[in-house]
Undergrad: 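So that we are looking at the same thing, I have put the structure below in structure tokens.
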Amino acid sequence: CLVGSEMCIRDRLMANDNRAALETLKKLNLTEGYEYYMMAVAAARVKDVQAMAVALQKAIQLDPQLKERASTDKEFYPYAQESIYLDIVD
């Protein structure tokens, strides 16, 4: 895969290579809500709560429809009672 390409990042997430996906996303010039959403998922999986919150907030800012998705996405279930997450999706 091309490093930094959407497909490469998705492949890394699908393979549970979450740290590599997160580090790749941090290096890119993200412009789309879904890109930040993928970063939030990767961060959630490696338990980087701060990076998850920042990325999720940016994702929703760029694409408000992602708020509803985030509120039911199983990737964020471990944070369902965390105020940092609830402040974003409520």
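If you read the sequence from its start, that first residue is 1, and numbering goes on from there.
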Undergrad: Rounded to the nearest 0.5 Å, what separates atom OH in Y36 from atom OG1 in T31?
TA: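 One finds 8.0 Å between OH of Y36 and OG1 of T31.
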
Undergrad: Taking atom CG of L28 and atom CD of E35, what is their separation to the nearest 0.5 Å?
TA: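 So the CG of L28 and the CD of E35 are separated by 7.5 Å.
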
Undergrad: Answer yes or no: are there more than 12 heavy-atom neighbours, outside E82 itself, under 6.0 Å from its atom CD?
TA: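 For E82, atom CD is crowded (more than 12 foreign heavy atoms under 6.0 Å).
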
Undergrad: Mind checking whether L86 and Y79 sit in one hydrophobic cluster, side chains of I, L, V, M, F, W, Y counted as touching below 4.5 Å?
TA: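 Yes: a chain of side-chain contacts under 4.5 Å links L86 to Y79.
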
Undergrad: F76 pairs by side chain to side chain contact (heavy atoms under 4.5 Å, CB included) with which of V41, I88, V89?
TA: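 Among the candidates, only V41 passes.
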
Undergrad: If hydrophobic clusters are built from ILVMFWY residues whose side chains come within less than 4.5 Å, do Y85 and Y37 share one?
TA: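 Per the 4.5 Å side-chain linkage, Y85 and Y37 are co-clustered.
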
Undergrad: With a 3.5 Å cut-off and sequence neighbours excluded, list the donor-acceptor pairs that the side chains of residues 45-64 form with protein atoms.
TA:
unit_1: R45; atom_1: NE; unit_2: E75; atom_2: OE1; d: 2.9
unit_1: R45; atom_1: NE; unit_2: E75; atom_2: OE2; d: 3.3
unit_1: R45; atom_1: NH1; unit_2: L13; atom_2: O; d: 2.7
unit_1: R45; atom_1: NH1; unit_2: N18; atom_2: OD1; d: 3.0
unit_1: R45; atom_1: NH2; unit_2: E75; atom_2: OE2; d: 2.6
unit_1: D48; atom_1: OD1; unit_2: A51; atom_2: N; d: 3.1
unit_1: D63; atom_1: OD1; unit_2: Q65; atom_2: N; d: 3.2

